[in-house]
Structures are given as structure tokens and as C-alpha cells.
Amino acid sequence: MNEIYTEIDINAPAEKVWQILTDFKNYPKWNPFIKTAKGIAHEGEFLKVRIQPPGRSAMTFQPKVLKAEVNKELRWKGKFLIPGLFDGEHIFVLKELSPRKTKLIHSEKFAGILVPLFKSVLKDSERGFELMNEALKKRAES
């Protein structure tokens, strides 16, 4: 597993989903996977992100925002210690299905020499992605 891929349909406009997704200060109120995120969703900025896969200890990363296209895509890349050990490119894509329906594609691509050692963590992280997607859907539809 070098990639996690999840998706969910949300009965809300892309603008609302984007607003929730990029409102980092409120993540602790609703997000069961990305427990905290600090920074600004602007290309070139660095974030401070704390994730906690189900049943695992929390991990903190300082990824760089690679893309922040309003209402369309948010992408950041983080690394463990130094580049090439364990790198992850986290991707959120919003696809407008109708004016009031959005598909969220939530994925991450992993690279580095330590990836094979983290297979079980990646599997638990996949469940974390699913839990986050469900929580985001619930918040956007309420």
C-alpha cells in the first residue's frame, strides 16, 4: 500500500465543503483523524498538522501546501525527519456533482524507504480518512 484513496458524496455545495475543510481552527470540534491543523491553506505555506489514526498514537507533521485552489483542491506534502524516509502527499479534491452536491476525493500518496515498515499504520490511517470523510459530510449537511 503506497496510496490511500477514499471518496464520499456530500449533499452540500463545494463552497461549503471547502470552507469546512480549510477552517483549521475548528478541526478539534469535528475531525476524528486530523486532530489539529494550524496555518493557512495557501500555496507555499507550511502547516502544523497532528493526525491520529484509530488505535494509534498521534503524529505531528509540518507539511508544505503544494496547491490550494479554492473550492477545488487542497494538497500538502509532509516528511518524516528528512525527505526520502517517509514522505506523504495528502490530497483533497472537490468535484461539483450539482450545485448542491459535491464529491470529496481524499487520498494520500506515500514514498520513501520506510514506507514498507509502516503498512499497518497506513491501513489504520485509511480508516481515519473514512472517519474524517463521514464527519465532514455530517458537518456540511447539517
Side-chain angles (χ1 to χ4, degrees), residues 1-115 118-142:
M1 173 188 280
N2 290 342
E3 181 176 7
I4 295 173
Y5 179 93
T6 63
E7 61 180 54
I8 194 167
D9 290 348
I10 301 172
N11 294 311
E15 295 83 8
K16 185 171 185 181
V17 177
W18 178 262
Q19 188 278 324
I20 294 166
L21 188 62
T22 58
D23 182 14
F24 298 143
K25 72 177 183 281
N26 281 309
Y27 271 30
K29 293 179 183 176
W30 67 268
N31 197 323
F33 178 63
I34 302 178
K35 299 293 190 171
T36 60
K38 296 179 182 176
I40 302 169
H42 287 207
E43 190 173 325
E45 294 287 329
F46 283 89
L47 306 175
K48 186 171 184 180
V49 177
R50 184 173 166 262
I51 67 164
Q52 187 169 7
R56 299 280 181 171
S57 298
M59 297 171 274
T60 301
F61 299 93
Q62 293 185 337
K64 182 177 183 179
V65 177
L66 302 177
K67 187 172 186 179
E69 187 176 346
V70 176
N71 302 331
K72 302 244 185 238
E73 183 175 349
L74 177 60
R75 180 183 298 249
W76 66 61
K77 186 170 186 177
K79 63 184 182 315
F80 177 70
L81 299 177
I82 60 171
L85 283 182
F86 186 84
D87 303 336
E89 188 171 334
H90 206 109
I91 305 158
F92 302 95
V93 174
L94 305 180
K95 291 190 176 186
E96 185 178 291
L97 301 176
S98 74
R100 295 188 180 167
K101 190 169 187 176
T102 305
K103 179 179 291 295
L104 168 68
I105 299 169
H106 182 185
S107 64
E108 188 157 2
K109 297 176 183 176
F110 300 95
I113 60 174
L114 295 181
V115 171
F118 284 89
K119 296 289 186 187
S120 64
V121 174
L122 298 183
K123 188 66 179 163
D124 292 338
S125 292
E126 182 173 22
R127 181 65 186 135
F129 280 46
E130 293 165 349
L131 292 170
M132 179 181 169
N133 296 353
E134 292 164 11
L136 179 56
K137 175 181 174 76
K138 183 177 179 181
R139 190 167 180 91
E141 291 178 354
S142 65

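By the 4.5 Å heavy-atom criterion applied to side chains, M59 and V121 are counted as neighbours.
Sorted by first and then second residue, the side-chain hydrogen bond (donor to acceptor under 3.5 Å, both in side chains) pairs involving residues 72-81 (not counting sequence neighbours) are K67-E73, E73-R75, R75-E89.
The nearest pair of heavy atoms linking Y27 to L21 is OH-O, 2.5 Å. Here the shortest heavy-atom pairing between L122 and I4 reads O-CD1, 3.4 Å. Closest approach of T102 and A12 over heavy atoms only: OG1-O, 2.8 Å.
With sequence neighbours excluded, the residues that form a side-chain contact (heavy atoms from CB on, under 4.5 Å) with A135 are W30, P32. K25 meets the salt bridge (charged side-chain N to carboxylate O under 4.0 Å, His left out) test with D23; sequence neighbours excluded. E15 pairs by the side-chain contact (heavy atoms from CB on, under 4.5 Å) definition with P13, N71, not counting sequence neighbours. Residues forming a side-chain hydrogen bond (donor to acceptor under 3.5 Å, both in side chains) with N31 (at least two apart in sequence, or on another chain): none.
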Before giving the answer on side chain to side chain contact (heavy atoms under 4.5 Å, CB included), spell out for M132 and T6 the whole-Å C-alpha distance, their side-chain angles and the decisive distance to 0.1 Å.
-> CA-CA 10 Å; M132 179 181 169; T6 63; over 6 Å; no

Verdict with reasoning, I10 to K138, per side chain to side chain contact (heavy atoms under 4.5 Å, CB included) | CA-CA 8 Å; I10 301 172; K138 183 177 179 181; over 6 Å; no

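Under a 3.5 Å cut-off, the side chain of K16 and the backbone N or O of A140 do form a donor-acceptor pair.
A distance of 11.0 Å separates NE2 of H106 from CD of E126, quoted to the nearest 0.5 Å. With rounding to the nearest 0.5 angstrom, the CG atom of L85 is 5.0 Å from the CG atom of L114. One finds the CD1 atom of I113 at 10.0 Å from the CG atom of D87 (value rounded to the nearest 0.5 Å). Distance check, rounded to the nearest 0.5 Å: CG of N11 to CZ of R100 gives 11.0 Å. One distance of note links CD of E7 with NZ of K95; it measures 8.5 Å at 0.5 Å rounding. With rounding to the nearest 0.5 angstrom, the CD atom of E141 is 9.5 Å from the CG atom of D9.
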For a quick test of your reading: what N or O donor-acceptor pairs under 3.5 Å do the side chains of residues 36-52 make, sequence neighbours left out?
unit_1, atom_1, unit_2, atom_2, d
Q52, NE2, R56, O, 3.0

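When each of Y5, F92, F33 is checked for a ring pair (Phe, Tyr, Trp, His ring centres under 6.0 Å) with F129, only F33 meets the rule.
A salt bridge does not link K137 to E134: none of the charged nitrogens lies less than 4.0 Å from a carboxylate oxygen.
Atom NZ of K103 has more than 12 neighbouring heavy atoms from other residues, nucleotides or ligands inside a 6.0 Å radius.
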